[in-house]
Amino acid sequence: MATLLEARGIGKLFGQLRALDGVDLAVTAGEIHGLIGPNGSGKSTLLKCIAGADRPTEGRVVFEGADITATSPSERARAGMSMKFQITSVLTGLTAFDNVLLALQGRDGLRDLIFSRTRGKLAERVMDLLERFHLAGHAGEAAGTLSHGEQQWLEIAMALAPEPRLLLLDEPTAGMSLEERRATGELLRPIVAHCAIVIVEHDLDFIRDICDVLTVLDQGRVLETGTVAAIQESEKVREVYLTRV
């Protein structure tokens, strides 16, 4: 599989605090790549540097062979990258259907939006996405009435609406029940047929079951990268989780 994303020597300073220090990350098309590590290790900061929400102080971000280090989040989205942040940002007063519809309409021109020409032609696509995330039965309900887990699924559906080639997920199972976390893993796995995933998670059981590759961060640096089996056998990783988590 071809390399889809490369982060090379990423450093990030917040004042005098060095949150990231020379981080390298490579993501291959067709894989789920997990980022794990103790609290404060730089996982979410790295994800934001990849997405463009934060600008790295040092290093480069390369997506499909193009240097996107200086591009805006919207430019990265147009290039095929999508991110779901840790805090759910669905529009609670709109229906589940309209939340996904708006995510799809983001690709359309202003004239089409003004004259509402896209709703009908996008309805099937909206319902396909809702069906995929077990939300078709809630299509007409206000997003704010959905359970926490369902709102998380709705936001993932919205992130997938533009058909990205790379999906960035920051703690998508936070606050979910055990059953919801299991279902989320089952919902995410088929996505890699057309969209690679980078996922930050604290739930090690969840991330172990779903990921192909893990990168472990500690104090802003890469401690180790490898398969799930290799990371589980790593003495360095075991020591960090015993002493810093």
Side-chain angles (χ1 to χ4, degrees), residues 3-27 32-90 148 151-152 155-156 158-159 164 166-175 196-204 206-207 211 213-226 231 234 236-245:
T3 300
L4 185 67
L5 172 80
E6 288 182 275
R8 303 171 181 167
I10 300 297
K12 180 62 181 177
L13 290 171
F14 293 102
Q16 298 300 309
L17 173 66
R18 181 169 287 277
L20 297 172
D21 187 6
V23 171
D24 292 329
L25 179 76
V27 179
I32 300 180
H33 195 122
L35 297 177
I36 64 172
N39 289 331
S41 60
K43 305 180 297 295
S44 293
T45 299
L46 177 59
L47 212 63
K48 290 177 182 178
C49 285
I50 293 170
D54 281 339
R55 182 72 59 84
T57 311
E58 304 155 354
R60 300 170 63 213
V61 179
V62 178
F63 182 58
E64 293 193 315
D67 189 331
I68 61 168
T69 311
T71 62
S72 66
S74 60
E75 289 173 307
R76 296 181 201 210
R78 287 193 292 272
M81 187 182 294
S82 187
M83 180 167 178
K84 179 201 173 305
F85 290 95
Q86 183 176 350
I87 299 173
T88 304
S89 59
V90 299
H148 173 74
Q151 288 188 32
Q152 296 281 57
E155 193 167 9
I156 296 173
M158 293 164 63
L166 178 65
L167 177 63
L168 309 173
L169 298 174
D170 193 4
E171 298 191 40
T173 67
I197 300 173
V198 179
I199 181 169
V200 167
E201 258 298 341
H202 284 291
D203 185 337
L204 295 183
F206 171 81
I207 210 164
C211 288
V213 180
L214 294 177
T215 290
V216 185
L217 295 179
D218 180 39
Q219 299 181 337
R221 298 180 179 180
V222 174
L223 182 67
E224 193 132 15
T225 295
I231 295 301
S234 169
K236 289 191 295 183
V237 173
R238 193 173 293 127
E239 179 183 356
V240 162
Y241 271 92
L242 284 173
T243 59
R244 299 205 180 106
V245 174

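The chain is numbered in sequence order, starting from 1.
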*asked:* Show, in sequence, the C-alpha distance, side-chain angles and deciding distance for Glu171 and Lys43, and conclude whether the side-chain contact (heavy atoms from CB on, under 4.5 Å) test is met.
replied: CA-CA 10 Å; Glu171 298 191 40; Lys43 305 180 297 295; 5.7 Å; no
[X]: what forms a side chain to side chain contact (heavy atoms under 4.5 Å, CB included) with it, not counting sequence neighbours?
| X | result |
| --- | --- |
| Ala196 | Leu4, Val27, Leu166 |
| Glu224 | Ile231, Ser234, Lys236, Val237 |
| Asp67 | Arg60, Thr69 |
| Thr215 | Leu25, His33, Leu35, Leu217, Val222, Thr225 |

*Return yes if some donor-acceptor pair links the side-chain N/O of Glu201 with the main-chain N/O of Thr173 below 3.5 Å, else return no.*
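Judged by distance alone, yes, a pair lies under 3.5 Å.
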_Pro172 backbone acceptor or donor facing Gln152 side chain under 3.5 Å_ =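 Flag set: sc Gln152 to bb Pro172 pair under 3.5 Å.
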[atom1]-[atom2] distance between [X] and [Y], expressed to the nearest 0.5 angstrom:
| X | Y | atom1 | atom2 | answer |
| --- | --- | --- | --- | --- |
| Met81 | Ile50 | CE | CD1 | 7.0 Å |
| Ile199 | Ile36 | CD1 | CD1 | 11.5 Å |
| Asp21 | Asp218 | CG | CG | 11.5 Å |
| Leu168 | Ser44 | CG | OG | 11.5 Å |
| Leu169 | Leu47 | CG | CG | 8.0 Å |
| Lys12 | Leu17 | NZ | CG | 10.5 Å |

Who passes side chain to side chain donor-acceptor pair (under 3.5 Å) against [X], sequence neighbours left out?
| X | result |
| --- | --- |
| Thr45 | none |
| Asp203 | Arg181 |
| His148 | none |
| Arg78 | none |

*Just do the side-chain contact (heavy atoms from CB on, under 4.5 Å) check on Glu75 and Ile68 with the steps written out, would you?*
CA-CA 9 Å; Glu75 289 173 307; Ile68 61 168; over 6 Å; no
*Closest approach of Leu167 and Ala159, non-hydrogen atoms and distance?*
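Nearest heavy atoms, Leu167 then Ala159: CD1-CB, 3.6 Å.
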*Taking every non-hydrogen atom, the tightest pair across Leu20 and Cys49*: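 In this case the closest contact between Leu20 and Cys49 is CD1-SG, 4.2 Å.
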*With sequence neighbours excluded, what pairs up with Glu64 under the salt bridge (charged side-chain N to carboxylate O under 4.0 Å, His left out) test?*
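In terms of salt bridge (charged side-chain N to carboxylate O under 4.0 Å, His left out), with neighbours along the sequence ignored, Glu64 is linked to Arg165.
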*Residues in salt bridge (charged side-chain N to carboxylate O under 4.0 Å, His left out) contact with Arg76, at least two apart in sequence or another chain*: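 Result, salt bridge (charged side-chain N to carboxylate O under 4.0 Å, His left out) vs Arg76: none returned.
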*Quick one: which residue pairs count as a side-chain hydrogen bond (donor to acceptor under 3.5 Å, both in side chains) with a foot in residues 47-58, not counting sequence neighbours?*
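Non-adjacent pairs meeting side-chain hydrogen bond (donor to acceptor under 3.5 Å, both in side chains): Arg18-Glu58.
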